[in-house]
Amino acid sequence: MDFDLVIRGGTVVTAERSIAADVGIVGETVRAVAAGLGPGQREIDADGLLVLPGGVDSHCHIEQVSSFGILCADDFHSATVSAAFGGTTTVVPFCAQHRSDHIPEVLADYHRRAAEKAVVDYGFHLIVANPDAQTLATDLPAAIDTGIRSFKIFMTYDRMRLHDEQILDVLATARRHGALTMVHAENHGIISWLGGRMVGQGNVAPRYHAVCHTRSSEAEAIQRVIALAEVVDTPILIVHVSTIEGVAAIRAAQARGVKVFGETCPQYLFLTAQDIDRGLEGAMFCCSPPPRDEAAQQACWEGLKDGTLAVYSSDHAPYRYDASGKLPKGEKTTFKEMANGVPGLELRLPLLFTYGVGAGRISLNEFVALTATRHARIYGLAPRKGGIAPGSDADLALWDPERRVEVDAELLHDNTGYTPYAGRSLKGWPVIVLSRGEVLVDQTRAPGQMLGRRGRGRFLARERSDALQPAGRPIDEIARLAAWGTPLVL
Ligand SMILES: [Zn+2]
């Protein structure tokens, strides 16, 4: 036998091309991709199926205490099971430092919990809420040394937000040691001031959430953090971009040579503020930033299409519609008290398949780039993850492009108890999903069953990627310092 496993007769789709080919797997790794491969110990008939790299979700919250101080509804088992059923085989959730937390303990805690429960491979980003001297000099460089090559910072939320000088400190550390900084960019003052006014006037229903998070608050913060990143000349990635103005600000910065990446999520392509405007139940659609309108959806599609937005992630932030999440004070809960976030790990790919590929907005190759390959490249997981080539991990999702699924919360494997996409009719679904050569999901033989063992997922130490390389484009004033022989010491 030439291979342990051969995926035979499918159409292999990568970010670059689509070809009729077999995939030969030895152990956990792809060994060959070509038509007419020799026999395997086992074979999977992929006739009529698309063979895609497993999705990489680089923005999801799992078993994490949020910026609101509430533990999310999924643990590392339910979240990674849900990911696998949706065709995602790598997740990069967050280890979250809260202000009083010691980072080494935070990391050890998340590592322990993930190692016990995850069924797919995972990396970590580190949320930095307290960049004090010890954090900057010791803890962040130590985290990077263990393969945690990205930080996330918040410009809003009382418990998490950093002011501009702290952001500059984190950016300088990221540049010095080789990490990418992800930014939740919203103007804290606008949100908080309007929020106080709304509550003061008795306007507490979920729909007022979308009023407080103005489009201008996103645009202002994106522009400001880009200006900060330019002082340090280090790359940043703006997460969950939701507005016309936000996409435009990133596009303009990229056009003048700034290295800034953008991300958007299903909620900004498929939901609008109207979804929130349905009384208390609107809470199920509340996330930050909030979904906007059709024109903003269109801007996000265009951003994905022209590369302004490099990646499409779930920002899975699952909270149940009960006292544990969305309704801590029952029916009296105001929009300021409910957990922010929507689930999306499992439906991220099927939604984009239907409304992107199926509707002719993007090609299959763009689908793979947006859901897997670019995540792996930017976050230092390529070529091991996000592609199908000799040497890459055999993380594959076999899609039936004709399979129709009516979305219903019952169908999904996360622990949120609802989905904002209930009632939609999707076409195209991952039917067989493999992680490192092992079949985790097989809807043709064992529908609905997770075949992978709890705890089989492995931690991925991430490499320094090209995305971390500074643009080498100092602003005038910093360039002048260098010309004087007194360069800026970061
Ligand atoms: Zn998030």
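Remember, it's a predicted structure, so these values are computed and weren't measured experimentally. Both ligands and their constituent atoms are indexed starting at 1 by order of listing.
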Near the Zn ion (ligand 1), meaning under 2.8 Å, the protein N/O/S atoms are His59 NE2, His61 NE2, Asp315 OD1
Residue set satisfying ring pair (Phe, Tyr, Trp, His ring centres under 6.0 Å) with His111, at least two apart, ordered chain then number -> Phe124, Phe459
The ring pair (Phe, Tyr, Trp, His ring centres under 6.0 Å) partners of Phe85 (sequence neighbours excluded) come to His413
Applied to residues 362-374, the salt bridge (Lys or Arg N to Asp or Glu O under 4.0 Å) test, sequence neighbours excluded, yields Lys305-Glu366
Exercise. Does the Arg377 side chain pair with the main chain of Ser465, one donor and one acceptor, at a distance under 3.5 Å?
Worked result: no
Item to complete: Using a 4.5 Å cut-off on heavy atoms from C-beta on, say whether the side chain of Phe154 contacts that of Ile127.
Response: yes
*Run the salt-bridge test on Arg384 and Glu463 with the 4.0 Å N-O cut-off and return the result as yes or no.*
no
